[in-house]
Structure formats: C-alpha cells, structure tokens
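Data first, discussion second: the structure below is written as structure tokens.
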2 protein chains.
Amino acid sequence: MPEKISDAEHTVMEVLWDESPLTAQDVAERIPATRDWTANTVKTLLGRLLAKNIIAHEADGRRYLYRPLVQRTDYVAGESKRLIDRLFGGKLTPLVAHLAERDELTAQDIAEIEVLLKGLKG
Amino acid sequence: MPEKISDAEHTVMEVLWDESPLTAQDVAERIPATRDWTANTVKTLLGRLLAKNIIAHEADGRRYLYRPLVQRTDYVAGESKRLIDRLFGGKLTPLVAHLAERDELTAQDIAEIEVLLKGLKG
DNA sequence: CCGTACTGATTACAGCTGTAATCGTATCGA
DNA sequence: TCGATACGATTACAGCTGTAATCAGTACGG
C-alpha cells in the first residue's frame, strides 16, 4: 500500500514536509543547492510522487499547489523500522551498541538518551 | 568508493557474513525461503557483487568459493549513519525519541539501553 | 568415448531511478 | 494581436534492480 519513495523523491518530500502547499517553482527553489537540479527535474519528481499518491495537488489558477499526503512521522517510522529489522534483528539495543562501539555517540548523546529513557520509565 | 549494495544483494551478503567461504550452491541453499529464488538468480547476484568488489572468489577445482570483502560491521555502520543523517539530522536521540513515541520500545529495550549507556559512561 | 549434469558467463528484459528536453497550451506584456 | 513566458504533460534515455533463461565448457557415469 505505501508506495516506495526513492532517494530523489525524498528530497522533494522534505521540502513539502517543511512547508506546504507550494507551487512546483517554490519547491524547486527550496531544494538544497547540493542537488543541482533543473526545475524540470523537480517537476518530474512531483509528477511521480503524484502518481504514487504520496502527494496531492490542487489547482491554483493555471498552476498547482502541492502538499504531502503522507506524514513525515509515518515515513520516518517505516524507514527506521525497515533498517532496524534488516540490520539489527528488529531490536534497537544493538543499534545503540553498534554506534557506541564505533565511537559515534558523544557524551552528550548518551546523556540525552538517558534523560529520555528516564522519562519513559516514569 | 564503497559500491552500493542493493536489497537483493544484501540478502546474499547476509548469508556470506554468517558463513564463508561458500560455493554458489551453498549460498543458494542458505537464502531464506521467503525469497523464492532460483539458483540462477543467486549466481547473478554473486556475479554482480564480484563486479562491485564487495566479495571475492577463489577457485576450488571447477567451482568457486565466495567470501565477503566488506565487513558486515562496516556495512551496518554506513547504513545506520545514512539513515540517521537523512532522517534525524545525524543525531541518534531523535531516533530513540521517535521510536519511544511510537511505543516501539519495550520496557526491556529501555532497561537494556540504560545498562549499555551506563557502561559507556564509566 | 559419449552423453549428461553441473558450473560460471552471457544475455534478457521489464520496472524503477536520476536527470532532463521537448511539446502543447494558456497567459501576459507590448 | 503576436510573440515571449510559464506551466504541466509527455517523452527520452542510460544505469540499476529483480529475476531469470540460455550458452559454453568440463568432469563423471556408463
């Protein structure tokens, strides 16, 4: 049911999740400069997202306004779960352990997570 | 530099990470039954992984033995980082917070992570 | 010695992706 | 009114992916 969002499409989605509805041109202007896309490329991606029912558009005069149909939270949940399932047997602990082992957690990260978990227990 | 591993290829890699070196047939036999692949499909994927320099093969008579060149740990690190960068601005805390909000952390998960973090601080 | 079976290599082919260019139509400025 | 613009829609096209089938070489059983 949830159509797959490709990498390039995801870039477009981040723009719309941040602010919407937007015209195609507005979206194009907000795409990070590192992805050196033409306006046409952005329009193609908007078209594909429409076809996949991941965004919708409503007419605004001779142009369209685009808005997400899928919530970012849901997308993020799906992607997180997929990764943790695939690589960590579905458990979060090994992910944290893994990052810790590779020294990819700062003392502050650790402190933050501890506070967060404390809150969850209460 | 690190060539991209596709989803189907990843399935093959998990087999080799679990046990290697293996012949193509051994690999095929160990592929989870849920991926209903023919032996040919597995050989194609082995060939692609070879071409990408992600695995190597050594002759063993008229057949080959395949082994990983990339460590699972490194792959996992890359994928984890990519996800966390893309979806959580590079910080782990929001991922944990996110999973917590969606009730995807059991009490035991929380306890385990706390123990883990305690160990890291000491 | 001959066919059969097994192995890797080559080829196939449709669908998805990244990245546009071009086309058709409507609008706006001169 | 006429050409320049701006938009979305259609078309393009190569590379990657998933999923094989077919081919070519060789070793083994009879």
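Lettering of chains follows the sequences in order, A, B, ..., and the numbering in each one begins at 1.
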* To do: With the side chain counted from C-beta on, respond yes when B:Arg86 and A:Glu79 share a heavy-atom pair under 4.5 Å apart, and no when they do not.
  => yes

* **Whether B:Arg72 side chain and A:Leu87 backbone form a donor-acceptor pair below 3.5 Å** => yes

* Under a 4.5 Å cut-off applied to non-hydrogen side-chain atoms, are B:Lys91 and A:Asp109 in contact? -> yes

* Which residues in residues 6-23 of chain B have at least one heavy atom lying under 4.0 Å from any atom of DNA chain D? -> B:Ser6, B:Asp7, B:Ala8

* For the pair B:Glu114 (side chain) and B:Ala111 (backbone), establish whether a donor and an acceptor sit closer than 3.5 Å, ignoring hydrogens and angles. => no

* To do: Considering just the side-chain nitrogens and oxygens of A:Arg62, establish if one lies under 4.0 Å of OP1 or OP2 belonging to C:dA26.
  => no

* In whole angstrom, what separates A:Leu45's CG from C:dA20's P? -> 10 Å

* **Polar side-chain atom of A:Trp37 near backbone of A:Ala8 as donor-acceptor pair, under 3.5 Å** => no

* Asked: To the nearest Å, how far apart are A:His57 NE2 and D:dC7 C1'?
  -> 12 Å

* Would you kindly give the CG-to-C1' distance between B:Leu49 and D:dG18, to the nearest whole Å? => 13 Å

* Is A:Gln25 near enough to D:dA6 that one of its side-chain N or O atoms lies under 4.0 angstrom from OP1 or OP2? -> no

* **Donor on one side chain, acceptor on other, B:Thr38 and B:Thr41, under 3.5 Å** => yes

* Asked: Rounded to the nearest Å, what distance is computed from the NZ atom of residue B:Lys43 to the C1' atom of nucleotide C:dT10?
  -> 13 Å

* Are A:Arg48 and C:dG18 close enough that a side-chain N or O sits under 4.0 Å from OP1 or OP2? -> no

* Over how many whole Å does the gap from B:Asp60 atom CG to C:dT7 atom P extend? -> 11 Å

* Asked: So do A:Leu49 and A:Ile54 actually touch side chain to side chain, heavy atoms under 4.5 Å?
  -> yes

* To do: Let me know the distance between CG of A:Asn40 and P of C:dT22, rounded to the nearest Å.
  => 10 Å

* Nucleotide C:dA26, atom P - distance to OH of A:Tyr64 in whole Å -> 12 Å

* Structure fact -> From CG of B:Leu50 across to P of C:dT10 the rounded distance in Å is 12 Å

* Asked: Is A:Asp36 touching bases, backbone alone, or none of the nucleic acid, heavy atoms closer than 4.0 Å?
  -> sugar-phosphate

* Asked: Would you call B:Pro21 and B:Tyr64 a side-chain contact if the rule is heavy atoms closer than 4.5 Å?
  -> no

* Asked: Heavy atoms under 4.0 Å, any strand shown: does B:Thr41 hit a base, just sugar-phosphate, or nothing?
  -> base

* Asked: Taking only N and O in the side chain of B:Lys52, is any of them less than 4.0 Å away from OP1 or OP2 of D:dT17?
  -> yes

* Minimum side-chain heavy-atom gap B:Tyr66-B:Glu58 below 4.5 Å -> no

* Going by heavy atoms closer than 4.0 Å, what residues in residues 74-85 of chain B are next to DNA chain D? -> none

* To do: Look at the side chain of B:Thr44 and decide which nucleotide, out of D:dC7, C:dA21, D:dT19, has an atom nearest to it.
  => D:dT19

* To do: Provide the closest heavy-atom pair for A:Val96 versus B:Leu117 in the form atom of the first, atom of the second, distance.
  => CG1-CD2, 4.3 Å

* Of the listed nucleotides C:dT17, D:dT17, C:dA9, the one nearest the side chain of B:Lys4 -> D:dT17

* To do: Measure from the side-chain heavy atoms of A:Tyr66 and tell me the nearest of D:dG8, D:dT19, C:dA21.
  => D:dG8

* Output yes when at least one side-chain N/O atom of B:Arg63 is less than 4.0 Å from OP1 or OP2 of D:dT26, else no. => no

